[in-house]
**Q** 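Quick one: structure below, then a few questions.
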There are 2 protein chains.
Amino acid sequence: MNEQESAAWLGLITVCQLLPAALDSQLKQDSGMTHFEFFVLSVLRFAPEQTMRMTALAETTSSTLPRLSHVCSRLEKRGLADRFPCPEDGRATNVRLTPEGRSALVRAMPGHLATARRLVIDALSPEQLDALAQVTEVIRGRLDGDGQPARATPFG
Amino acid sequence: MNEQESAAWLGLITVCQLLPAALDSQLKQDSGMTHFEFFVLSVLRFAPEQTMRMTALAETTSSTLPRLSHVCSRLEKRGLADRFPCPEDGRATNVRLTPEGRSALVRAMPGHLATARRLVIDALSPEQLDALAQVTEVIRGRLDGDGQPARATPFG
DNA sequence: GTACGTTACTTGTAGCGACAACCAAAGCGT
DNA sequence: ACGCTTTGGTTGTCGCTACAAGTAACGTAC
């Protein structure tokens, strides 16, 4: 690894360690919820009927099904969401954002948005934002197409 | 948040969620250690005498002291590191990389490096790597100077 | 219609990190 | 020398996530 590469790598893993902690900390303190919980509620909010299947929700939140299941249990216990069996598929479960969930989300929004701006968005130029979006998209592609590929050349 | 901003933000938090998991998974599977443990060993390796104070190690690994303490306990239990009181300061503790720790690190290196290349480094152009290094550096600065500032204007 | 495999979730367990409480040694003022 | 504060670290508890195992419903082949 040359100097440029290790600078980028070290920077990335450092941010990956610190940023989630900072987001969790702010949301936990100000709104009593995890960043992941916040994210789940956010996604639900823009779904039709504020409702989604567990699998779909897990996919769009880049999470695993067990994790989401646990999180939904907590949200349900707090009255922020509720689950009911899917009418069309007896195996599936639907999660729905409750009015309380929606209002909790709305209350949490400004503080979280301010944090996002302060820590990241307002710190970067438009060009840097663009570059960040591109870079993260590329990495996301690699992470999705994971498993054990490794060889990318057509002659592998 | 405009489209550009939300693309960058969403991309970043997604990567922050997936990348650490991927790194942990690979290292756990192939070498039986966490990415953070690997990182700690890596830092120790290049310290004089392969030795560092807990506080200094916590700082350079961007971690908290309690966390590092727990991790060092585990490493010590596995014989990869050992701790001894600092001669110059009775309050302080020194951590040292053992020969076994060094060899475990060396064994884990190639696989981890390959993963880093596959998921991130080889996926990006030199310009993108540069941009990534810059962006993460800026964010790191914001995260460090955290606490409760928020107001940056001289008239705040 | 029944056996088999797959899909969709849930639950239990174990491990790691955050936070707070704690203890001990230094530094400092008097 | 004596307290007070600060610094350096450890320990205990709780909450969250990963992983594995379990359950239930669906689809399909026979």
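A note on names: the letters A, B, ... follow the listed sequences, proteins ahead of strands, and every chain is numbered from 1.
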**Q** Check this for me: does any side-chain nitrogen of one of Arg78(B) and Glu100(B) sit under 4.0 Å from a carboxylate oxygen of the other?
**A**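 Looking at Arg78(B) and Glu100(B), the cut-off is not met.
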**Q** Rounded to whole Å, how long is the line connecting atom NE2 of His35(B) with atom P of dT17(D)?
**A**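 To the nearest whole Å, that distance equals 20 Å.
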**Q** Return the nearest nucleotide to the side chain of Arg74(B); candidates are dC16(C), dT10(D), dC16(D).
**A**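 Nearest to the side chain of Arg74(B) among the choices is dC16(C).
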**Q** What integer distance in Å separates Glu37(A):CD from dG15(D):P?
**A**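 About 12 Å, once rounded to whole Å.
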**Q** Same cluster or not: Val106(A) versus Leu44(A), using hydrophobic residues (I, L, V, M, F, W, Y) connected whenever any side-chain heavy atoms lie under 4.5 Å apart?
**A**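 No, Val106(A) and Leu44(A) fall in different hydrophobic clusters.
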**Q** If I take atom OG1 from residue Thr61(B) and atom CG from residue Leu57(B), how far apart are they, to the nearest 0.5 angstrom?
**A**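 Reported value, rounded in 0.5 Å steps: 5.0 Å.
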**Q** Specify the residues of residues 78-92 of chain B, ordered by number, for which at least one heavy atom lies under 4.0 angstrom from an atom of DNA chain C.
**A**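 Listed by number, they are Asp89(B), Gly90(B), Arg91(B).
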**Q** Salt bridge between Glu49(A) and Arg96(A), side-chain N to carboxylate O under 4.0 Å?
**A**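 Between Arg96(A) and Glu49(A) there is no salt bridge, as every charged N stays at least 4.0 Å from the carboxylate O atoms.
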**Q** Would you call the rings of Phe38(B) and His112(B) parallel, tilted or perpendicular if under 30° counts as parallel and over 60° as perpendicular?
**A**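 Rings of Phe38(B) and His112(B): tilted, 30 to 60°.
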**Q** Kindly write out the residues that satisfy salt bridge (charged side-chain N to carboxylate O under 4.0 Å, His left out) with Asp130(A), not counting sequence neighbours, or none if the list is empty.
**A**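 Result, salt bridge (charged side-chain N to carboxylate O under 4.0 Å, His left out) vs Asp130(A): none returned.
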**Q** Across the strands shown, which category fits Thr93(B) at heavy-atom distances under 4.0 angstrom: base, sugar-phosphate, nothing?
**A**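 Touches sugar-phosphate only.
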**Q** Quick check: on DNA chain C, is the nucleotide nearest Thr34(B) upstream (toward 5') of the one nearest Ser25(A), or the reverse? Name the residue that is more 5'.
**A**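 Final value for this comparison: Thr34(B).
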**Q** Return the value, rounded to whole Å, for the distance between atom NE2 of His70(A) and atom P of dA20(D).
**A**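 So the two atoms are 15 Å apart, to the nearest Å.
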**Q** Round to a whole Å and report the spacing from CG of Leu68(B) to P of dG8(D).
**A**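 Rounded to whole Å, this separation is 14 Å.
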**Q** Using a 4.0 Å heavy-atom cut-off, does Thr64(A) contact any base of the nucleic acid, only the sugar-phosphate backbone, or nothing at all?
**A**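 It contacts sugar-phosphate atoms only.
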**Q** Let me know, please, whether Pro66(A) or Arg53(B) comes out on the 5' side of the other along DNA chain D by nearest nucleotide.
**A**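 Final value for this comparison: Arg53(B).
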**Q** Atom CG of Asp24(B) and atom C1' of dC16(C): how far apart are they, to the nearest Å?
**A**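 Going from Asp24(B) (CG) to dC16(C) (C1'), I get 10 Å.
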**Q** Is there a donor-acceptor contact under 3.5 Å from the side chain of Asn94(B) to the main chain of Pro85(B)?
**A**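 Here the side-chain-to-backbone pair does not exist.
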**Q** Can you check the Met33(B) CE to dA18(D) C1' distance for me, whole Å?
**A**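 In whole Å, dA18(D) C1' and Met33(B) CE are 19 Å from each other.
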**Q** What integer distance in Å separates Arg67(A):CZ from dA20(D):C1'?
**A**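 Whole-Å distance recorded here is 18 Å.
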**Q** Specify the separation, in whole Å, of atom CG of Leu65(B) and atom P of dA21(C).
**A**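 After rounding, the reported distance stands at 17 Å.
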